[in-house]
Amino acid sequence: MVSFFLPYIIIYPFAASSNNYDTIGNTIFYIQNNVDKAYIVTIIGYIATYLGFYYHDFTYRKSHLYNFVDKTNNVTSELMYFSIKNKYFLSAIYLFSILAMLYISLRIIASYGFSFNFRSFVIGDTSIRPLFNFVMVSLVPFVVTFMIIKFLDTKKKSLILGVFTLIFILFFSGSRTSIVWPVLNALIIYFITRKEKINLLKFFSFGILFLFFVLYLGDLRLGQYSLLISIQSFASKIAYGNNFSDLRDFAWILTYWDHNYIAGKSYLAAFFAFIPRSISEIREVWSISVYTSNMVGLDPDIHAGLRPGKFGEAFFNFGYIGVSVLGFLTGYILRYTDIKLKKHVKSTLSYDYTLLYSFTTLYTMISMFHITSSFWRFYIIVIILMFGYSTYKISKGKQYKSIPR
């Protein structure tokens, strides 16, 4: 709900305001008429999400879709569970992450100088961009989440020290998402087990502080370090900045859109995300970040592309049908995951946080189809699941047991 309420319900009245001139210049006057359409497409996607949500309850355990989702979830959750439980594998990917990030950081500093925004340098440097995306944008965020989840189970302080080390280096990446979403994912699992004890005022205060932290990271990226200035501009950044601009960006693309659906080409390009864009013709043209940049006249070599929200990419590929199908499947899998988590929480007082987190794996994978600009992460999950699970099973041998369902 938060991902819908803030960037769409709250931001909608401000998305077409002329106050956006300070952020995107004269462009705001061209895109104003398309904000409503962007909003309608998004609303249709969320209506479909709720239909999927309620269809799950209406046909609970009775449909072919349930059987497919249940079997797939059993596989993905088991793979994730034993990957995190595999302490040798987790130690190995942590060590690799540290060494790889240090190499990337030192190389960027040597070439371009110190900055809180490494991403601004690597976006135009094809010699380091693939490694940067693989490690700092995709792999390390998962490692951060795994280590926080592992800490919740084991209470080993060395894990938190490792988390802070990874986050410290990520501060210089220029990618706020790489810092925020792994921490938020772990916190959500924790809050699920504490929902009866949560003080709403404290929870709300925490949310405001967390939001301010996200916005301040953006200021650091731009070289603005004053906390006072960040506090003064807090509200305007939310309403008119680039932090929650999905609706405005979607309208921007719609304004220059040629009304030709691309019939899955951006998804096909995403499946080849492991191939550098510089040597892949389909990614060079149809990658969603390239497609959106070219559509509005931005240079994809120096601009990361516009964000058309959760359902914009589906719309540009398959129109309203694509939006509806993606929304429906998202809602169905989200509800399935929700019930799975609640059942486990109610069944025990001794929570297995690794198990709870593993139940969210399938939803994490389907959510990557909302916007495929970071589809690297899909392959990272697959690699982690395969190697982590297989090495754990080999190390345990006959002592290996499946996870509780």
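Since the structure is predicted, the reported quantities are computational estimates derived from the model, not experimental observations.
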Give me the ring orientation class for Y379 and F375: parallel if the planes are under 30° apart, tilted from 30 to 60°, perpendicular past 60°.
-> perpendicular

Can you find a pair of side-chain heavy atoms, one from R283 and one from V290, that are under 4.5 Å apart?
-> no

Please tell me if the side chains of S287 and F272 come closer than 4.5 Å, counting only heavy atoms from C-beta onward.
-> no

CA sep, side-chain torsions, deciding dist, call: Y291, E313, side-chain contact (heavy atoms from CB on, under 4.5 Å) = CA-CA 10 Å; Y291 173 75; E313 184 170 355; over 6 Å; no

Is there side-chain contact between R248 and T23, with heavy atoms separated by less than 4.5 Å?
-> yes

Side-chain H-bond candidate by donor/acceptor type, Y267 with N317, under 3.5 Å = no

When every non-hydrogen atom of D70 is compared with those of Y336, the smallest separation belongs to OD1-OH, 2.5 Å

Closest approach of G309 to D246 (non-hydrogen atoms, all atoms of both residues) | CA-OD2, 3.6 Å

Is there a side-chain contact between F29 and S18, using heavy atoms and a 4.5 Å cut-off?
-> yes

Taking atom types as modelled, is there a side-chain donor on S127 or R107 under 3.5 Å from an acceptor on the other?
-> yes

Is T42 close to F250 at the side-chain level, that is, under 4.5 Å between some pair of heavy atoms?
-> yes

Which is it for W257 and F315 under the side-chain contact (heavy atoms from CB on, under 4.5 Å) test, yes or no, and what are the steps along the way?
-> CA-CA 11 Å; W257 182 45; F315 177 79; 3.8 Å; yes

Run the numbers on L326 and F369 for side-chain contact (heavy atoms from CB on, under 4.5 Å), then give the verdict.
-> CA-CA 8 Å; L326 180 60; F369 288 86; 4.2 Å; yes

Between Y353 and T193, a side-chain donor and acceptor under 3.5 Å | yes

For residues Y112 and F118, determine if any side-chain heavy atom of one lies less than 4.5 Å from a side-chain heavy atom of the other.
-> no

For the pair D153 and K150, find out whether any cationic side-chain nitrogen is under 4.0 Å from an anionic carboxylate oxygen.
-> no

Quick one: sort the Y55 and Y332 rings into parallel, tilted or perpendicular, breaks at 30° and 60°.
-> tilted

